[in-house]
Amino acid sequence: MKFQRMLLVCLLALPCLAHSGEVYRWVDDFGRWVYGTEVPERHRHRAEPASAPLPRGTNACEARWHRYLASAACFDQYRVVGGGLKPEAYQRCTEVPQPEPCT
């Protein structure tokens, strides 16, 4: 009975924990930046918080895309079936408009 109560508490806490993850960025196997809250095991050694300073040489257009992708990854945590967002997404994430393509 005690185990069942503990299991129930853990299961009830999972949705809260799932939506409180920090957003990370890493470079994938193809050399592209990826943003998300769940870093694949093989990329964990290279992952860093999305809020970390961008690499040297990042131009202004690339910086705008980094901010946009980090914002999208944050909002993705709060998506519900049907594409809507939970209200707390707007309290925890910053809306960043999609930038123009870099030339």
Side-chain angles (χ1 to χ4, degrees):
M1 186 68 166
K2 187 176 182 180
F3 173 77
Q4 290 172 334
R5 272 188 266 158
M6 198 166 13
L7 180 61
L8 178 62
V9 169
C10 290
L11 289 175
L12 292 174
L14 279 178
C16 297
L17 294 174
H19 295 295
S20 62
E22 184 172 3
V23 176
Y24 293 92
R25 69 173 177 242
W26 63 93
V27 177
D28 69 7
D29 298 330
F30 301 102
R32 295 178 298 213
W33 285 100
V34 179
Y35 286 79
T37 55
E38 296 180 24
V39 182
E41 183 67 39
R42 69 181 183 279
H43 296 295
R44 287 201 180 134
H45 67 283
R46 294 183 293 193
E48 60 187 10
S51 59
L54 294 172
R56 286 185 176 267
T58 303
N59 66 41
C61 183
E62 292 170 336
R64 286 191 293 273
W65 275 96
H66 277 280
R67 285 191 297 275
Y68 171 74
L69 293 171
S71 171
C74 182
F75 278 102
D76 283 346
Q77 302 175 75
Y78 300 98
R79 296 219 182 272
V80 296
V81 175
L85 288 169
K86 293 183 178 184
E88 60 265 25
Y90 297 99
Q91 298 167 353
R92 298 188 178 129
C93 302
T94 302
E95 285 186 85
V96 175
Q98 182 174 345
E100 295 293 321
C102 298
T103 55

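The structure displayed is predicted, hence computed values, not measured ones.
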J.: Once rounded to the nearest 0.5 Å, what's the spacing between atom OG of Ser51 and atom CZ of Arg25?
T.: 7.5 Å
J.: Restricting to side-chain hydrogen bond (donor to acceptor under 3.5 Å, both in side chains), what partner residues turn up for Glu41, sequence neighbours left out?
T.: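 side-chain hydrogen bond (donor to acceptor under 3.5 Å, both in side chains) list for Glu41, sorted by chain: Arg44.
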J.: Of all the heavy-atom pairs spanning Val80 and Lys86, show the shortest one and how long it is.
T.: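 Answer, listing the atom of Val80 first, then Lys86: CG1-CG, 3.7 Å.
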J.: List for me each residue that meets side-chain hydrogen bond (donor to acceptor under 3.5 Å, both in side chains) alongside Arg42, sequence neighbours excluded, and say none if there are none.
T.: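 Arg42: side-chain hydrogen bond (donor to acceptor under 3.5 Å, both in side chains) contacts with Asp29.
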J.: Tell me who clusters with Val39, hydrophobic residues only, linked when side chains sit under 4.5 Å apart either directly or through other members.
T.: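 Its cluster partners, ordered by chain and number, are Tyr24, Trp26, Val34.
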J.: Going from NE2 on His43 to CD on Glu38, what distance comes out if it is rounded to the nearest 0.5 angstrom?
T.: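 These two atoms lie 14.0 Å from each other.
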J.: At what distance, to the nearest 0.5 angstrom, does CZ of Arg79 lie from CG of Leu85?
T.: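 Nearest 0.5 Å value for the CZ-CG distance: 4.5 Å.
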J.: For Glu62, what residues pass the side-chain hydrogen bond (donor to acceptor under 3.5 Å, both in side chains) criterion, not counting sequence neighbours?
T.: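 Once residues adjacent in sequence are excluded, Glu62 has no partner under the side-chain hydrogen bond (donor to acceptor under 3.5 Å, both in side chains) criterion.
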J.: Tell me which donor-acceptor pairs under 3.5 Å the side chains of residues 64-75 have, and how far apart each pair is, sequence neighbours excluded?
T.:
residue, atom, partner, partner atom, Å
Trp65, NE1, Glu100, O, 3.0
His66, ND1, Tyr35, OH, 2.2
Ser71, OG, Thr94, O, 2.5

